[in-house]
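Excluded from the calculations below are hydrogen atoms, water molecules and symmetry mates; all remaining heavy atoms, backbone and side chain alike, are included.
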Amino acid sequence: RHNLGGTVEQHIQTYEAEMEQVIKRKLGRKLSASEVKALKKNGTKVVMTRMNPEWHKPDHDYPEGRSKMRWLVLGYMQAGDNTHTDAPTLNDSTVKMMVAMGTPEGQSVETDELSTGDIATAFLQGYDFDETMEQQYVGLRAYPGAEVDVWEYNGPIYGDEVAPANLHKTFSDFMTD
C-alpha cells in the first residue's frame, strides 16, 4: 500500500523502535479496556494516532536506504484552536548564528567548529505538557479491526498542533541556558 523499499523485517524493527521511544518518552500508563470504556462513557476525547512508514533513499549515512516510522497524532482531531500549526523550523543557519553569537570574546567566529545533522527523535525530546493541564489521551488502532489501545498522553509527538512550537521552545531554552 505504501510502496516502500526495504524488507518486512526492517519495517517491523523500526516500528517496534518507534513504539518503544514514544511510549517511554511521551506516554503514560496504558489504560485497561474498562478504563477506556469509562472514558467513552464520560465523553472524554481520545485523540487517535497512526504509524506512518517512510522509506529513506540511500545516502552517505545509509548506503542501502533505511526504514523509518513516525507515530503521528492526527492533529486535525485535536480540540485546539489551530493557532500553533506553523513550525518554527531550526535551520542550520539559525543554529550557526546562535552559536556565533555565543562565541566567547577574544575568540574568532571563523575558527569555531559546528556540526549539524538530524536530531534523532526530535519531537520526543521536547518538553512534556504542563502537569496542571487536564490529562489527555491518545489511541492507536494497530491494524484494521484491532481494538484501540489508549494511553495517557504526557507530551506532544509528531502531528500534534503544539509539537513544533514546543520543540522550538525546548531548543531555544537549551541553547540559551
Legend entry - Residue pairs passing the ring-ring contact (aromatic ring centres under 6.0 Å, His included) test where at least one lies in residues 16-51, sequence neighbours excluded: none
Legend entry - Inter-residue atom distance M69.CE - M51.CE, 0.5 Å rounding: 7.0 Å
Legend entry - Side-chain (N42) to main-chain (A38) donor-acceptor, under 3.5 angstrom: yes
Legend entry - Co-members of the apolar cluster containing I12 [side chain, <4.5 Å]: V8
Legend entry - I157 side chain reached by L72 side chain, heavy atoms, under 4.5 Å: no
Inset, instruction - With sequence neighbours left out, write down each residue that passes side-chain hydrogen bond (donor to acceptor under 3.5 Å, both in side chains) with T14, or none if nothing qualifies. - result: S67
Inset, instruction - Under the salt bridge (Lys or Arg N to Asp or Glu O under 4.0 Å) rule, collect the residues that match up with K169, sequence neighbours excluded. - result: D173
Legend entry - T170 side chain vs Y127 backbone, donor-acceptor pair below 3.5 Å: yes
Legend entry - pair N166-F123: side-chain heavy atoms closer than 4.5 Å: no
Legend entry - With sequence neighbours excluded, residues passing salt bridge (Lys or Arg N to Asp or Glu O under 4.0 Å) with D59: none
Legend entry - Any side-chain heavy-atom pair of V46 and L39 under 4.5 Å: yes
Inset, instruction - Taking side chain to side chain contact (heavy atoms under 4.5 Å, CB included) as the test, write out the residues that go with T7, two or more places apart. - result: E9, Q10
Legend entry - With sequence neighbours excluded, residues passing side-chain hydrogen bond (donor to acceptor under 3.5 Å, both in side chains) with R141: none
Legend entry - Residues which pass side chain to side chain contact (heavy atoms under 4.5 Å, CB included) with I23, listed by chain and number, not counting sequence neighbours: M19, L27, W71, W151
Legend entry - With E54 via side-chain hydrogen bond (donor to acceptor under 3.5 Å, both in side chains) - residues at least two apart: N52, H56, R70
Inset, instruction - Measure the CG-CG distance between L167 and D160 for me, rounded to the nearest 0.5 Å. - result: 12.0 Å
Inset, instruction - Would you please name every residue forming a side-chain hydrogen bond (donor to acceptor under 3.5 Å, both in side chains) with Y137, sequence neighbours left out? - result: none
Legend entry - Residues L74, R50; criterion side chain to side chain contact (heavy atoms under 4.5 Å, CB included); working and verdict: CA-CA 7 Å; L74 302 180; R50 70 179 178 89; 3.9 Å; yes
Legend entry - Pair listing, salt bridge (charged side-chain N to carboxylate O under 4.0 Å, His left out) test, anchored in residues 128-140, at least two apart: K26-D128
Show me the side-chain donor-acceptor pairs of residues 29-37 shorter than 3.5 Å, one per line, residues at least two apart or across chains.
unit_1, atom_1, unit_2, atom_2, d
R29, NH1, E35, OE1, 3.0
R29, NH1, E35, OE2, 3.0
R29, NH2, E35, OE2, 3.1
S32, OG, S34, OG, 3.1
S32, OG, E35, N, 3.2
S32, OG, E35, OE1, 3.3
E35, OE1, S32, N, 2.8

Inset, instruction - Please report the closest heavy-atom contact between P58 and P63, naming both atoms and the distance. - result: CB-O, 3.1 Å
Inset, instruction - Could you give me the CA-CA distance, side-chain angles and deciding distance for Y158 and E18, then say whether side chain to side chain contact (heavy atoms under 4.5 Å, CB included) is met? - result: CA-CA 11 Å; Y158 304 96; E18 179 72 358; 3.9 Å; yes
Inset, instruction - Could you tell me whether the side chain of L140 reaches within less than 4.5 Å of the side chain of M48, counting heavy atoms only? - result: no
Inset, instruction - Could you tell me the separation between the CH2 atom of W55 and the CZ atom of R66, rounded to the nearest 0.5 Å? - result: 9.5 Å
Legend entry - Main-chain N/O of M77 paired to K45 side chain as donor or acceptor, under 3.5 Å: yes
Legend entry - Close side-chain approach of Y15 to E20, heavy-atom, < 4.5 Å: no
